[in-house]
Participant: 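Input: one structure, supplied below.
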Amino acid sequence: MRLHRNLVYTTIDSLNAIFNEGEYADKVVARALKKDKRWGSSDRKFVAETIYEVVRWKRLYAEIAEVKAPFDRDNIWRMFSVWAVLRGYPIPDWRQLEGTPERKIKGRFDELSKVRALKESIPDWMDELGVKELGEKVWAKEITAQNQPAKVILRVNTLKTTKAELRAILMDLDIDTDLLKDQPDALVLKERANVFMTDAFKKGFFEVQDANSQLVAAFLDVKPGMRIVDTCAGAGGKTLHIAALMENKGQLIAMDLYESKLKQLKIRAKRDGAFNIEYRIIDSTKVIKKLHQKADRVLIDAPCSGLGVLKRNPDAKWKLQPEFIDNIRKIQSEVLESYSKIVKPGGKLVYATCSILPSENQDQIAKFLTTDIGKEFTFIKDQKILAHESGFDGFYMALLERKEEVLKPKELKAAKETAEEKE
């Protein structure tokens, strides 16, 4: 086990882009993996995993290395040396790593790990918020789970293949998968692999989607032939799952504020063979009003803090700010009140987030049910999923049903008089 100069240099360049140039880790990693076509799978794995690991443990490594943001290249090398020592790599005699204090690094790690915000490498405000909303015991378990690397989960596209067929195809490519109990369309990769390069992916046989994210479409109680609206479709992971559950029968309207995201969804839908999707950009309130009381099912996959998906987006720990969460709660309330009007009487609504905070989840539903439009809905059930209990992303989903139309007193009197006249 030794460090290779070209892989480490790429890692350092990538970390500089993330820490100092505001780039997103997933985009930087994707670019880094294209740098050298000669790299094998183990080389690519080293680059991707090391970048994510240093990003995930940024605060802890910076404290151990005694460096502060903004990090120059020497600072990043010092943080990398902390990673290397703690991972058990022999330190090579490179100029950038000269004088790496291995014993001091291990000692400081033991000392700093006594403080949770440092041990779990999160901002103090996030630690305080987690304790406030979830309680000390649950938050401690949850943030530890959120610091574990995310597993790669596939969702079988049932419009094109079956779980058994896909497993067999992947097995022929030496990609082994496990089944998940109570998850009819999910396969878990035993080891990370670049599944996007396979013919099976290019033919639309599967999508990469977290196991708990796959629960949302099923929670919506979808049936073929319905009219369904996905109000915050984005690039469409859940939209495509809904299309598969609909068996391409019925009307699925995918809406979003951003045309660029719907363009991505169109590409994915074509690959997946999902052809019952209509695309609508929310560029005015008229787009929503035209759909009032028209849909059998409505999904509101609401914008949120993303605190349930830190394991796959570790840089969010450093990009997220307390004021963003305050603002997003207001947006969630507005979205719920506005988009819920699309549900027809007797229809159902699912409100979902990839957050673990009650203030974005249960509290939003409780507040909504007291509003004028909310009083027209009945709460059916909800599900709170935490990473430390499930092993996958943190999610919340609530199922509401719009009451059948109740005639107001004047309308009731008019209807009665009409009925008497007919007699």
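Only this structure's heavy atoms are used, side chains among them; waters, hydrogens and symmetry mates stay out.
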Participant: So which heavy atom on Asp315 is nearest to which on Ala25, and how close?
Facilitator: OD2-N, 2.9 Å

Participant: Does Glu360 come within less than 4.0 Å of Arg329, counting only side-chain N to carboxylate O?
Facilitator: no

Participant: Would you mind reporting whether Ser213 and Cys354 have side-chain heavy atoms less than 4.5 Å apart?
Facilitator: no

Participant: Name the atoms and distances for all side-chain donor-acceptor pairs under 3.5 Å in residues 170-180, with sequence neighbours left out.
Facilitator:
unit_1	atom_1	unit_2	atom_2	d
Thr177	OG1	Arg167	NE	3.2

Participant: Distance-only, no hydrogens or angles: does the Gln332 side chain make a donor-acceptor pair with backbone N or O of Pro303 under 3.5 Å?
Facilitator: yes

Participant: Sub-3.5 Å donor-acceptor pair from the side chain of Asp185 to the main-chain atoms of Arg155, do we have one?
Facilitator: no

Participant: So do the side chains of Asn157 and Phe201 get within less than 4.5 Å of each other, counting heavy atoms only?
Facilitator: no

Participant: Measure the shortest side-chain to side-chain distance between Leu310 and Ile143 over non-hydrogen atoms and say whether it is less than 4.5 angstrom.
Facilitator: yes

Participant: Please confirm whether the backbone N or O of Ala274 pairs with a side-chain atom of Asp272, one donor and one acceptor, at under 3.5 Å?
Facilitator: no

Participant: Check whether any side-chain N or O of Thr10 sits under 3.5 Å from a backbone N or O of Asn6 as a donor-acceptor pair, and report yes or no.
Facilitator: yes

Participant: Determine, step by step, whether Leu400 and Thr378 satisfy the side chain to side chain contact (heavy atoms under 4.5 Å, CB included) criterion, reporting the C-alpha distance in whole Å, the side-chain angles of both residues, the deciding distance to 0.1 Å, and the verdict.
Facilitator: CA-CA 6 Å; Leu400 309 177; Thr378 302; over 6 Å; no

Participant: Step through the shown structure and confirm whether more than 12 heavy atoms of other residues, nucleotides or ligands are within 6.0 Å of NZ on Lys132.
Facilitator: no

Participant: Tell me yes or no: between the side chains of Gln251 and Arg227, is some donor less than 3.5 Å from an acceptor?
Facilitator: yes

Participant: Answer yes or no: is there an ion pair linking Lys311 with Asp393, defined by an N-O contact shorter than 4.0 Å?
Facilitator: no

Participant: Thinking salt bridges, do Asp13 and Arg73 make one under a 4.0 Å N-O criterion?
Facilitator: yes

Participant: With sequence neighbours excluded, what pairs up with Arg192 under the salt bridge (Lys or Arg N to Asp or Glu O under 4.0 Å) test?
Facilitator: none

Participant: Passes salt bridge (Lys or Arg N to Asp or Glu O under 4.0 Å), Lys58 versus Glu63? Steps please.
Facilitator: CA-CA 9 Å; Lys58 181 180 85 165; Glu63 291 278 352; over 6 Å; no

Participant: Report the residue from Gln364, Glu133, Gln362 that forms a side chain to side chain contact (heavy atoms under 4.5 Å, CB included) with Leu357.
Facilitator: Glu133

Participant: When you measure from the side chain of Lys348 to the backbone of Val298, do you find a donor-acceptor pair of N or O atoms at a distance under 3.5 Å?
Facilitator: no

Participant: Salt bridge or not for Glu120 and Arg59, using N-O below 4.0 Å?
Facilitator: no

Participant: Whether the Trp139 and Asp127 side chains hold a donor-acceptor pair (N or O, under 3.5 Å, no angle test) is what I'd like checked.
Facilitator: yes

Participant: Tell me whether Glu191 at atom CD has more than 12 heavy atoms from other residues, nucleotides or ligands lying less than 6.0 Å away.
Facilitator: no

Participant: Between Tyr339 and Cys232, does a side chain to side chain contact (heavy atoms under 4.5 Å, CB included) hold up when you go through it step by step?
Facilitator: CA-CA 10 Å; Tyr339 297 172; Cys232 308; 4.0 Å; yes

Participant: Over all heavy atoms of both residues, which pair between Met397 and Asn212 is shortest? Give the atoms and the distance, please.
Facilitator: CE-O, 4.2 Å

Participant: Without swapping roles, check the side chain of Asn327 against the backbone of Phe324 for a donor-acceptor pair under 3.5 Å.
Facilitator: no

Participant: Does any pair with a residue in residues 368-392 pass salt bridge (charged side-chain N to carboxylate O under 4.0 Å, His left out), and if so which ones, sequence neighbours excluded?
Facilitator: Glu376-Arg402

Participant: Roughly how far, to the nearest 0.5 Å, is CZ of Phe205 from OG1 of Thr161?
Facilitator: 5.5 Å

Participant: Show the nearest heavy-atom pair for residues Phe379 and Ile365, with the distance to one decimal.
Facilitator: CD1-CG2, 4.1 Å

Participant: If you draw a 6.0 Å radius around CD in Glu259, do more than 12 non-hydrogen atoms from other residues or ligands fall strictly inside?
Facilitator: no

Participant: Side chains of Ile253 and Tyr279, heavy atoms from C-beta outward: is any pair under 4.5 Å?
Facilitator: no

Participant: State whether Glu337 and Lys367 are salt-bridged, where the test is any N-O pair (Lys NZ or Arg NE/NH1/NH2 against Asp/Glu carboxylate O) under 4.0 Å.
Facilitator: no

Participant: Give a yes or no on this: more than 12 heavy atoms of other residues, nucleotides or ligands lie within 6.0 Å of atom CZ of Phe109.
Facilitator: no

Participant: Ignoring hydrogens and angles, tell me if any N or O in the side chain of Asn248 forms a donor-acceptor pair with the backbone of Gly273 under 3.5 Å.
Facilitator: yes

Participant: Considering all heavy atoms of both residues, which atom of Asp256 and which atom of Gly234 are nearest to each other, and what is their separation?
Facilitator: OD1-N, 2.8 Å

Participant: Is the distance between the ring centroids of Tyr9 and Trp77 under 6.0 Å?
Facilitator: yes

Participant: Could you check Phe80, Trp318, Phe71 and say which one makes a ring-ring contact (aromatic ring centres under 6.0 Å, His included) with Phe19?
Facilitator: Phe71

Participant: May I ask you to decide if Ala140's main-chain N or O and Thr144's side chain share a donor-acceptor pair within less than 3.5 Å?
Facilitator: yes

Participant: For the aromatic rings, using the six-membered ring if either is Trp, is the centroid distance between Phe368 and Tyr351 under 6.0 Å?
Facilitator: no

Participant: Phe377 ring centre to Lys403 NZ or CZ under 6.0 Å, with the angle to the axis within 45°?
Facilitator: no

Participant: Quick check: does any side chain N or O of Asn16 sit under 3.5 Å from a backbone N or O of Ile12, one acting as donor and the other as acceptor?
Facilitator: no

Participant: For residues Ser121 and Arg56, is any side-chain donor paired with an opposing acceptor at under 3.5 Å?
Facilitator: no

Participant: Going by salt bridge (Lys or Arg N to Asp or Glu O under 4.0 Å), name the residues that satisfy it together with Arg2, two or more places apart in sequence or in a different chain.
Facilitator: none

Participant: For atom NZ of Lys202, decide whether the heavy atoms of other residues, nucleotides or ligands shown that lie under 6.0 angstrom number more than 12.
Facilitator: yes

Participant: Mark yes or no for whether Asn313, through its side chain, and Ala316, through its backbone, hold a donor-acceptor pair below 3.5 Å.
Facilitator: no

Participant: Start with the C-alpha gap between Ile385 and Ile356, add the side-chain angles, then the distance that decides, and say whether side chain to side chain contact (heavy atoms under 4.5 Å, CB included) holds.
Facilitator: CA-CA 8 Å; Ile385 309 171; Ile356 52 174; over 6 Å; no

Participant: Check salt bridge (Lys or Arg N to Asp or Glu O under 4.0 Å) between Lys317 and all other residues, then give those that pass, not counting sequence neighbours.
Facilitator: none

Participant: Do the side chains of Arg312 and Asp210 get close enough for a salt bridge, i.e. N-O under 4.0 angstrom?
Facilitator: yes

Participant: Quick test of your reading of the model: are Lys238 and Asp301 salt-bridged, counting only N-O distances below 4.0 Å?
Facilitator: yes

Participant: Using a 6.0 Å distance limit plus a 45 degree cone around the ring axis, check whether Lys319 lies over the aromatic ring of Tyr24.
Facilitator: yes

Participant: In sequence, state the C-alpha distance, the side-chain angles, and the governing distance for Leu252 and Phe275, and then conclude on side chain to side chain contact (heavy atoms under 4.5 Å, CB included).
Facilitator: CA-CA 9 Å; Leu252 175 52; Phe275 52 75; over 6 Å; no

Participant: Not counting sequence neighbours, list each pair that qualifies as a side chain to side chain donor-acceptor pair (under 3.5 Å) and has a residue in residues 78-89.
Facilitator: Glu53-Arg87

Participant: Applying the side-chain hydrogen bond (donor to acceptor under 3.5 Å, both in side chains) criterion to His388, which one of Lys141, Gln146, Glu142, Gln148 satisfies it?
Facilitator: Glu142

Participant: Near Lys119 NZ, under 6.0 Å, is it more than 12 heavy atoms from other residues, nucleotides or ligands?
Facilitator: no

Participant: Give me the atom names and distance for the closest heavy-atom approach of Ile277 to Ala243.
Facilitator: CD1-CB, 4.3 Å

Participant: Do you know which two heavy atoms are closest between Ile300 and Ser340, and how far apart they sit?
Facilitator: CD1-N, 4.2 Å

